[in-house]
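Each chain gets a letter, A, B and so on, in the order its sequence line appears, and its residues count up from 1.
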Amino acid sequence: MDIVTAHDRPSTPQEAIGIQETLRDLVELEDRCPQEIVTVTGLDVAYDEDSGLIAAAAVTLEIDGFRVVEKRTVVSRISFPYEPGLFAFRELPPLLDALRALDHVPDLLICDGHGLAHPRRFGLACHVGVVTGLPSVGVGKTRFVGEHDEPGSERGSRTPLLDDGDVVGAVLRTQDGVKPLYVSVGHKISLDNACRQVLRLCPAFRQPETTRQADRLARDALKEAL
DNA sequence: GCGACAG
DNA sequence: ATCTTGTCGC
């Protein structure tokens, strides 16, 4: 897969913020993904702070049946400190390497982190979407920005995530009585469609099947590299 | 000044 | 993210 990038390795936080403020104007919030989504790629990373290693994984599944189409892992060095709001610059380099290694271009990317639900409306999911040009969705496990009511306890219930008067995402219950997920638009997809696809990916567990598999792959790759 | 703060 | 005992609920 071809990826044009030159804006993923800033040397200072100030520079990183500048990159986000420049790229955020390229985010497309309309549905520009295929009408029928067939393949979905899950992205995740695992860290080992002691060795300074980071492992990234990209797993492409057929959304209907979850058959594995292909999977790639990359292990490299951590190149940016963790900082809320800038954490994409930590995960982006290895994630893009993993995506570049894919042979098949997926219909949608599922990121482990927020998209628009970010202080500058440009979280990891937006960044990955913009630099790849692919539709992307951000799925967070905890709140980063915004306020919301508690969604109903049944799977599929959702409430809007509001920040500064903007609907920046949705708090979506993916399993009955289980802690909800924070879904936000990354790129080229509407919030409604994003929630619909995430629900399809969560038939039995809280987290999307794509994220679960990517998480496991990244951990295994990291363990293997130690 | 005092919290809050994706992974 | 990762570490990591005990503990609550079904």
Side-chain angles (χ1 to χ4, degrees), chain A residues 8 10 13 16-17 19-20 23-24 27 42-59 73-98 109-130 136-148 153 161-164 166-172 174-187 191 194 198 204-208 210-226:
Chain A
D8 58 333
I17 290 173
I19 290 170
Q20 293 181 327
L23 296 184
R24 70 177 168 192
V27 171
L43 302 170
D44 197 15
V45 302
Y47 301 99
D48 182 62
E49 294 288 348
D50 296 323
S51 64
L53 294 180
I54 177 172
V59 191
T73 57
V74 170
V75 177
S76 57
R77 291 210 150 272
I78 296 174
S79 61
F80 204 85
Y82 171 71
E83 193 172 325
L86 300 179
F87 119 96
F89 296 98
R90 208 172 144 82
E91 307 203 342
L92 213 46
L95 282 177
L96 293 181
D97 284 341
L109 301 176
I110 302 292
C111 301
D112 184 45
H114 299 99
L116 289 181
H118 174 278
R120 286 173 293 280
R121 306 289 181 266
F122 197 72
L124 174 69
C126 296
H127 207 142
V128 172
V130 166
S136 66
V137 172
V139 179
K141 297 180 287 296
T142 61
R143 188 200 69 92
F144 185 23
V145 297
E147 307 84 46
H148 64 87
S153 62
L161 177 63
L162 303 165
D163 187 48
D164 260 332
D166 300 327
V167 175
V168 297
V171 186
L172 178 68
T174 56
Q175 291 295 312
D176 290 358
V178 169
K179 196 171 189 267
L181 293 178
Y182 292 77
V183 177
S184 59
V185 170
H187 190 48
L191 182 57
V198 168
F205 299 97
R206 179 194 181 215
Q207 292 220 72
T210 37
T211 300
R212 299 184 68 237
Q213 295 209 19
D215 180 89
R216 194 166 100 57
L217 262 178
R219 282 188 207 212
D220 290 349
L222 183 61
K223 189 176 178 182
E224 198 66 34
L226 292 179

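Note on A/R216 versus A/D44: no salt bridge recorded, every NZ/NE/NH1/NH2 to OD/OE distance being 4.0 Å or above. Using a 4.0 Å cut-off between charged nitrogen and carboxylate oxygen, A/E49 and A/R77 do not count as a salt-bridge pair.
Atom CD of A/E91 and atom P of B/dA6 are 12 Å apart (whole Å). The interatomic distance linking A/K223 (NZ) with C/dA1 (P) rounds to 17 Å, in whole Å. Rounded to whole Å, the distance from CZ on A/R90 to P on B/dA6 is 13 Å. Counting to the nearest Å, the P atom of B/dA6 and the CG atom of A/D112 are 12 Å from each other. Here B/dA6 presents its C1' atom at 14 Å from CZ of A/R121, a figure rounded to the nearest Å. Put simply, CG on A/L222 is 14 Å from C1' on B/dG7, counting in whole angstrom units. Per the geometry, NE2 belonging to A/H114 stands 10 Å off C1' belonging to B/dG7, to the nearest Å. The separation between A/F144 atom CZ and B/dG7 atom C1' is 10 Å, rounded to whole Å.
Residue A/K141 places no side-chain N or O under 4.0 Å from the OP1 or OP2 atom of B/dA6. Checking the phosphate oxygens (OP1, OP2) of B/dA6, a side-chain nitrogen or oxygen of A/Y82 falls inside 4.0 Å. The side chain of A/T142 contributes an N or O atom lying less than 4.0 Å from OP1 or OP2 of B/dG7.
Distance from the side chain of A/R143 is smallest to B/dC5 among B/dC5, B/dA6, C/dT2.
Contacts of A/G140 with the nucleic acid, taken as non-hydrogen atoms under 4.0 Å apart, involve only primed sugar atoms and P, OP1 or OP2. Nucleic acid contact for A/A117: none, since no nucleic acid atom lies under 4.0 Å from a heavy atom of the residue. Within the nucleic acid shown, A/G85 comes within 4.0 Å of at least one base atom, counting heavy atoms only. Among the heavy atoms of the strands, none lies under 4.0 Å from A/I54.
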Inset, instruction - Before giving the answer on side-chain contact (heavy atoms from CB on, under 4.5 Å), spell out for A/E224 and A/T73 the whole-Å C-alpha distance, their side-chain angles and the decisive distance to 0.1 Å. - result: CA-CA 11 Å; A/E224 198 66 34; A/T73 57; over 6 Å; no
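Between A/I110 and A/L43, the closest side-chain pair of non-hydrogen atoms is not below 4.5 Å.
Residues A/L116 and A/C126 come closest through the heavy atom pair N-SG, 3.5 Å.
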